[in-house]
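Below you'll find the structure, written out as structure tokens, and then a few comments.
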Amino acid sequence: MKKNTKTKKITIITLIILSFIINSIASFSYSENNENKKLQNKSYQLEDLLNLRVLIDKIEIKDVSLSIKGSNISLKYSTEEFPTIYQGGFSLANQITILSLHPYLKFFYDQNYYDEKNIPNYKDIMILSSNYLEYKNKKYRGKFLITKKNDGYYLINLVSMDDYLKSVVPSEMPASWELEALKAQAIIARTYAIRVTIERRKKQEIFDLYSTVLDQAYYGMDKENPKTNLAVEQTKDIIIIHNNKPIWALYHSNCGGKTIEGKLVFSNRLEENENYLQSINCPFEGRRWKNIIELYTLKKILEKTTKNQIYSINKIYTENFRIYIVYNQNYIYSLPNWQLRKLIGYNVIRSPYITKIEILQDKVIFEGIGAGHGVGLCQFGANTLAKMNFNYEEIIKYYYKEIQLTDIKRWLENANI
Ligand SMILES: [Zn+2]
């Protein structure tokens, strides 16, 4: 018995020593792993870039009444103390109604308003569902995050890149178009999203992309279509780079026969060596437009921008993508056509390609070709090229110069962002 106890003791001591050795090896390799992690964290991890935060809505503090539908919907929340840990219950409800976000969170599931819950001192809210989340008649994949900023609450959709693109591609280009044009659209939408996400995260913004034409139209999963899904899947992870950096993959509806050099319109977005947005001839002729505005409206706009009293507008003409307005007999106000679009309205001056301006009594008639800003890929042109048997790579290289297509994983290995 005694001997046995001794052996046991020795065994225990040996085990302790062994576990100490193992532990120190383990902690050594752990700290080494940590170093590696730190190094990787300097640039982006792939999962980070392929998980997007898309702004769906901005909610004023005073008029909160949010209704979100789904299946097995649940709400979780974090606190200032533990901002990344979400707590809260799971529910079998199909709807959640949030009545107040301030000063405390107040909500109920389904129609059980008598079972109203109040949560004080929370930070962010996460809303989950086992299938989709429906908000303001649109269904979304992924999760919702509700987060506060000084000017209100932001409803953000946390969604994977692929799910995001499956809604964006058919929102930006008709699914009935040629498959190769749709593939080109998938790649440029992916590249645009990556570039914008990198820029906004550098500025530590709370979301990556707007869900409107401010960035790219993202109207949820009802837009999804088998053909555009295929375009997204068959181009999975492909992005466009220039000097080893994802490009500003700008695009527009139709250019009117010739695209516009990027630096003319978007000089603030493009770096010195980013010269891939050149002016090129396009195979699509362009759609003509004609719109009329009141001379009085133009006078008011001019008064605001020139800060002068405008007595008369005598003549308007355009030359080299600039507008010249002769007013008060011999004063001239001139501005680039894309700035005139911003002043008068993008739907009135449909493109910077203005062909004719005429003053007729108290009206001004504008005529032009094309739709959109005219920079980068022309969507109608891309579809025309696809009909001429260009593949997606040839279409992209037609509109963006000195670029390469690459897999995002391969790019990230040597990325410096
Ligand atoms: Zn075109």
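Atoms within a ligand are numbered from 1 in the order they appear, just like the ligands themselves.
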Check: residues 73-82 side-chain donor-acceptor pairs under 3.5 Å, at least two apart:
from, atom 1, to, atom 2, distance (Å)
Ser78, OG, Pro83, O, 3.3
Ser78, OG, Asp124, N, 3.2
Thr79, OG1, Phe82, N, 3.2

Checking salt bridge (Lys or Arg N to Asp or Glu O under 4.0 Å) against Asp208, which of Lys202, Arg200, Arg201 comes through?
-> Arg201
Sort by chain and number the protein N/O/S atoms found under 2.8 Å from the Zn ion (ligand 1).
-> Cys255 SG, Cys282 SG, Cys378 SG
Between Asn157 and Tyr135, do the side chains contain an N or O donor and an N or O acceptor separated by less than 3.5 Å?
-> no
Can Lys315 be said to sit on top of Tyr317's aromatic six-ring, NZ or CZ under 6.0 Å from centre and within 45° of the ring axis?
-> yes
Single hit among Phe321, Tyr353, Phe266 for ring pair (Phe, Tyr, Trp, His ring centres under 6.0 Å) with His373 = Phe266
Test: Glu303 and Lys300 ion pair at under 4.0 Å = yes
